[in-house]
Amino acid sequence: MKKRFYITTPIYYPSAKLHIGHAYCTVLTDIFARYKRLRGFECYFLTGADEHGQKIEKNAALAGKTPQEFVDGIVEGFYKLWDLLKISNNDFIRTTQTRHTEVVQKIFSKMLEQGDIYLSKYKGWYCTPCESFWTDTQVGPDHICPDCGRPVQVAEEEAYFFKTQNYVDSLMKFYDENPKFLTPESRKNEMINTFIKPGLDDLCVSRTSFSWGIPILENPKHVIYVWLDALTNYITALGYGSGNESLFKKFWEDDETEIIHILGADITRFHAIYWPMFLESLGLRKPDREFVHGLLMMKDSKMSKSKGNVVDPFPLVEKYGVDALRYYLAREVTFGQDGSFTPELFVERINMDLANSLGNLLNRTVSMINKYFGGEIPQYLGKKTAFDGELESLIDLSIKRYESFMDDLKITEGITAVMDIVARANKYIDETTPWALAKDEDKKEELASVMNHLARAIFVSGMLLKPVLVNASDLLFAQLGINLEKVSYDDIFNPSFLDRKVVNKGEQLFPRLDNEVEIAYIASLMNGNK
RNA sequence: CGCGGAGUAGAGCAGUGGUAGCUCAUCAGGCUCAUAACCUGAAAGUCGGAGUGUUCAAAUCCUCCCUCCGCAACCA
């Protein structure tokens with residue numbers, strides 16, 4: 001196990017507002033980062049914005065702004081959303097920042113000098129009115145501009161290319177030697193069969209047809225084109241090539257750091273093929289893992305602006321709280337597979353897991369401790385009832401399962417391991433029938449043991465869910481009388497940790513939602529975006 | 001033959017070789033500490049179809065077919 005982690009999301013493109021799909025990727029990455037920190041590891045978490053390119057240039061012109069003004073406005077929205085979702089990123093990189101642009105220029109120069117980049121001609125379908133190049137697949141069989149629908153012509157422009165042939169063999173070797181590099185594994189097969197085996201083209205890394213990009217020093221009519229600019233954010237953010245490389249040394253070069261990129265399927269190719277090549281060209285280490293997450297569908301069809309089913313996370317969080325949304329994203333959608341967001345699933349998941357199971361368990365337990373023990377959690381007395389041992393073993397087992405799932409980025413499975421504890425605790429109440437024990441003075445010890453065990457089950461669950469439920473876990477601790485300053489992960493292993501703590505019955509952690517009303521409300525939010 | 005994913009109980013999903021699972025919904029029962037909650041039990045699937053394919057053993061591997069979805073144009 002490495003002792004330090006560097007984890008990243010892709011940098012998102014600020015051509016429009018972010019939606020729940022971006023939130024999904026960022027929240028899951030955040031959960032992992034928080035999990036690692038909770039376990040006591042150092043974890044540096046980076047996200048950001050990829051701000052160059054023709055589309056930004058065009059959208060800015062349409063909005064009557066300079067490109068920089070335009071992206072500044074959009075990125076403001078990024079900050080707000082990540083703030084709202086309690087994203088714990090350590091840094092936010094913008095590709096328009098000089099700490100990035102200057103280094104990208106140096107990177108380009110180095111590659112050019114080494115002969116990994118050469119000047120040639122980019123040939124493609126060109127739409128004169130749109131001033132845009134398109135690929136074969138983009139123009140389709142009729143050779144029509146996908147933007148304006150008019151016919152396109154074959155055109156050429158001077159461009160720089162990255163020589164992939166220099167690194168193909170070494171990439172294949174890297175795949176072989178690092179089976180966990182790209183997961184899920186089907187993604188790796190896709191890369192090899194679809195892109196590498198048929199023969200990899202060199203990658204175009206500059207453009208002259210627009211100017212909103214990082215100029216190439218050696219030839220300033222060119223700007224650096226998308227991927228060489230975008231992917232390198234992962235190292236420029238750490239100060240690579242700058243005056244101060246301390247972060248870079250610590251979180252990239254040190255072998256004790258595990259480097260993890262989280263990304264979506266549509267950009268797998270660039271992360272899995274070109275990024276390792278760029279790094280090798282620079283003589284740098286490659287990431288340990290690239291984890292490809294699935295897409296969030298809106299009930300059978302992909303979320304898209306034209307279909308009017310884009311979900312805006314803001315009103316959702318405003319109404320249901322950040323924890324509800326974070327929990328839904330992490331639990332409902334198996335990380336690594338496609339999943340869906342629907343109002344029905346959302347309301348059901350929150351009600352069943354958070355309100356009925358966890359929230360209600362806390363509520364009933366605190367009530368009983370108040371009623372039977374004047375609010376003081378009884379001391380741990382060992383295994384006093386026939387069911388104590390079973391509950392304790394289930395807790396121990398669930399902690400182990402949780403840890404091993406989470407370490408392997410199986411976040412959805414990690415959460416279900418915690419919910420096993422909650423379910424078992426609810427059952428334990430029925431098994432031990434505390435209300436019956438309370439009527440018999442001789443059973444006082446058993447009753448005390450039941451309360452202690454219940455409190456511990458809730459405490460452990462709350463701790464394990466802390467990376468997900470960033471607010472509710474603290475509220476849960478507070479109800480159990482835990483001093484938030486004096487609690488740490490390792491306390492879950494101490495059965496006596498809760499002895500004599502005084503509970504505080506507070507608000508319901510997750511009030512039950514009215515199905516019909518809330519489903520209709522969320523549906524109206526989605527339609528409102530049409 | 002473009003690439004990829006999916007097809008498992010009424011709905012939504014998990015499950016990659018070893019007696020078919022989870023959540024919800026349904027029905028019956030229990031309990032009363034609790035947020036009409038919680039607990040127990042039942043009914044419900046020939047795991048898309050085909051193959052006298054591989055194997056001691058297949059939802060899981062192989063071959064073929066069918067259907068749906070995503071990518072290929074806004075969009076993680």
Side-chain angles (χ1 to χ4, degrees), chain A residues 9-13 15-26 28-29 55 59 134-140 144-149 184-187 189-191 193-195 198 262-269 292-307 309-310 331-334 337-340 342 344-345 347-349 351-372 412-413 416 419-420 423 425-438 447 450-451 454 505 507-513 515:
Chain A
T9 72
I11 46 176
Y12 306 114
Y13 201 58
S15 62
K17 273 171 64 177
L18 297 178
H19 53 66
I20 201 168
H22 303 92
Y24 174 62
C25 179
T26 309
L28 272 289
T29 306
K55 187 180 292 170
N59 287 4
W134 304 103
T135 63
D136 271 354
T137 46
Q138 284 173 322
V139 299
I144 297 293
C145 171
D147 235 25
C148 67
E185 200 178 354
S186 58
R187 297 297 172 193
N189 301 333
E190 185 183 358
M191 289 306 114
N193 294 328
T194 311
F195 301 112
I262 307 292
L263 52 135
D266 53 335
I267 50 176
T268 309
R269 184 176 140 206
V292 182
H293 70 254
L295 257 47
L296 266 191
M297 311 295 198
M298 300 297 117
K299 188 78 188 172
D300 296 338
S301 71
K302 190 179 176 185
M303 167 165 39
S304 75
K305 287 168 191 166
S306 51
K307 284 176 188 158
N309 59 359
V310 175
R331 171 61 187 84
E332 184 64 34
V333 183
T334 303
Q337 297 186 26
D338 287 350
S340 57
T342 68
E344 292 81 3
L345 284 173
V347 173
E348 179 182 310
R349 186 54 79 186
N351 273 343
M352 295 313 147
D353 289 11
L354 298 182
N356 294 352
S357 297
L358 179 63
N360 186 41
L361 175 67
L362 173 69
N363 196 34
R364 61 201 300 215
T365 301
V366 170
S367 287
M368 286 190 281
I369 292 171
N370 272 326
K371 189 165 177 179
Y372 303 138
T412 312
E413 291 88 336
T416 59
M419 295 314 284
D420 285 348
N426 272 316
K427 182 175 174 174
Y428 172 83
I429 295 178
D430 269 55
E431 290 170 336
T432 54
T433 60
W435 49 90
L437 299 177
L447 182 62
V450 170
M451 292 307 120
L454 281 175
K505 183 141 187 172
E507 298 282 301
Q508 288 180 352
L509 214 52
F510 295 100
R512 192 176 162 79
L513 305 176
N515 270 290

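Any value given below was found using the heavy atoms of this structure, including those in side chains, with hydrogens, waters and symmetry copies removed. Chain naming here is simple, since letters A, B, ... match the order of the sequence lines and numbering starts at 1 in each.
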Inter-nucleotide P distance (G4(B), U63(B)), Å rounded: 13 Å
Sub-4.5 Å side-chain heavy-atom contact between L295(A) and D338(A): yes
Nearest to side-chain heavy atoms of L295(A), which nucleotide of C24(B), A76(B), C33(B): A76(B)
Proximity to the side chain of K55(A) - top-ranked nucleotide from A76(B), C75(B), U35(B): C75(B)
Minimum-distance nucleotide to Q508(A) side chain [options: C33(B), U35(B), G12(B)]: U35(B)
Contact nearer the 5' end of RNA chain B, comparing R331(A) with R187(A): R187(A)
Value in whole Å for how far the C1' atom of U16(B) lies from CD of E413(A): 14 Å
Per Y372(A) side chain, nearest of listed nucleotides A76(B), C33(B), C38(B): C33(B)
Side-chain N or O of Q337(A) closer than 4.0 Å to phosphate OP1/OP2 of A14(B): yes
Touch class at under 4.0 angstrom, heavy-atom based, for E190(A) against every strand present: sugar-phosphate
K505(A) vs C33(B): side-chain N/O to OP1/OP2 distance below 4.0 Å: no
W435(A) side chain, from C-beta outward: closest of C75(B), C39(B), C33(B): C33(B)
Side-chain N,O (S367(A)) to OP1/OP2 (U32(B)) below 4.0 Å: no
Rounded distance (Å) that lies between atom C1' of C38(B) and atom CG of L454(A): 12 Å
N356(A) side chain near C38(B) phosphate (N/O to OP1/OP2, under 4.0 Å): yes
Closest to side chain of T334(A), choosing from G12(B), A14(B), G30(B): A14(B)
side-chain N/O K427(A) vs C38(B) OP1/OP2, d < 4.0 Å: no
Atom pair distance, as rounded to whole Å: CG in L361(A) and C1' in C33(B): 11 Å
Candidates G12(B), U23(B), C75(B) - which lies nearest the side chain of E348(A): U23(B)
Base-pair map of RNA chain B as dot-bracket, where | denotes pairing with a different strand and pairs are Watson-Crick or G-U under 3.5 Å: .(((((((.[[[[.)..(..]]]].(((((.......))))).....[[[[.[..)....]]]]])))))).....
